[in-house]
Novice: 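Take a look at the following structure, please.
The shown structure was predicted, so the numbers you read here are calculated from the model rather than taken from an experiment.
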Amino acid sequence: MSICPVCNGLQEVLLTCSNCGEPMMESGRVMDYYDDYSPYMEIDIMKMEDGYPDTYSGHKCPHLYRCTICQKEEIVFIKE
């Protein structure tokens with residue numbers, strides 16, 4: 001089992017919005033937004049069903065980043 005450095009507070013990834021240039025806010029794992037129970041499911045099982053072909057095998061954790069100014073959303077894959 002790999003560990004995501006962003007989920008576990010070991011690393012902070014800072015991004016700027018490609019639309020307006022403002023800092024983007026990290027909003028958690030993408031799979032936590034699927035339904036009400038997603039945040040409580042086993043992470044590795046969710047990676048097999050998340051629609052991204054290599055998040056499980058490539059040890060990547062998809063995170064949602066949002067711009068607080070223009071509301072642009074971007075998914076960033078964090079290497080575990």
Novice: Are Asp35 and Ser38 linked by a side-chain donor-acceptor pair shorter than 3.5 Å?
Specialist: yes
Novice: How many angstroms lie between OG1 in Thr68 and CD in Gln71, if you round to the nearest 0.5 Å?
Specialist: 7.5 Å
Novice: Is any side-chain heavy atom of Cys70 closer than 4.5 Å to a side-chain heavy atom of Glu22?
Specialist: no
Novice: Is it possible for you to say whether Met24 and Val76 belong to one hydrophobic cluster, with membership spreading through side-chain heavy-atom contacts below 4.5 Å?
Specialist: yes
Novice: Rounded to the nearest 0.5 Å, how far does CE of Met31 lie from NZ of Lys47?
Specialist: 6.0 Å
Novice: Heavy-atom count check: over 12 atoms from other residues, nucleotides or ligands less than 6.0 Å from Gln11 CD?
Specialist: yes
Novice: Do any N or O atoms from the side chain of Lys79 and from the backbone of Cys4 form a donor-acceptor pair under 3.5 angstrom?
Specialist: no
Novice: For a quick test of reading the model, state the closest non-hydrogen atom pair linking Asp32 to Pro39 and the distance between them.
Specialist: OD1-CA, 3.4 Å
Novice: Measuring from His59:NE2 to Ser2:OG, what's the distance to the nearest 0.5 Å?
Specialist: 4.0 Å
Novice: What verdict does the side chain to side chain contact (heavy atoms under 4.5 Å, CB included) test give for Cys7 and Arg29, after you've listed the backbone C-alpha separation in whole Å, the side-chain angles of each residue and the deciding distance to 0.1 Å?
Specialist: CA-CA 8 Å; Cys7 288; Arg29 295 180 299 147; 3.5 Å; yes
Novice: Apply the test side chain to side chain contact (heavy atoms under 4.5 Å, CB included) to residues Ile75 and Tyr65: give CA-CA distance (whole Å), side-chain angles for both, the deciding distance (0.1 Å), then the verdict.
Specialist: CA-CA 6 Å; Ile75 296 173; Tyr65 281 78; over 6 Å; no
Novice: Side-chain contact, heavy-atom cut-off 4.5 Å: Val6 with Glu26?
Specialist: yes
Novice: Supply the atom-to-atom distance Glu74 CD to Leu15 CG, rounded to the nearest 0.5 angstrom.
Specialist: 6.0 Å
Novice: Can you hop from Tyr33 to Met25 via hydrophobic side chains spaced under 4.5 Å?
Specialist: no
Novice: So how far is it from Ile3 CD1 to Cys61 SG, rounded to the nearest 0.5 Å?
Specialist: 11.5 Å
Novice: Starting at CD1 of Ile45, measure out to OH of Tyr56 and round the result to the nearest 0.5 Å.
Specialist: 9.0 Å
Novice: For the pair Glu12 (side chain) and Gly9 (backbone), establish whether a donor and an acceptor sit closer than 3.5 Å, ignoring hydrogens and angles.
Specialist: no
Novice: Can you list the steps and then say if Lys60 with Asp54 is a side chain to side chain contact (heavy atoms under 4.5 Å, CB included)?
Specialist: CA-CA 7 Å; Lys60 298 175 186 175; Asp54 66 342; 2.8 Å; yes
Novice: Among side-chain atoms of Thr55 and Asp50, is any donor-acceptor pair under 3.5 angstrom?
Specialist: yes
Novice: When you group the ILVMFWY residues by side-chain heavy-atom contacts below 4.5 Å and let the links chain together, are Leu64 and Met46 in the same group?
Specialist: yes
Novice: If you look at every heavy atom in Cys17 and Cys20, which pair is closest and at what distance?
Specialist: SG-N, 3.5 Å
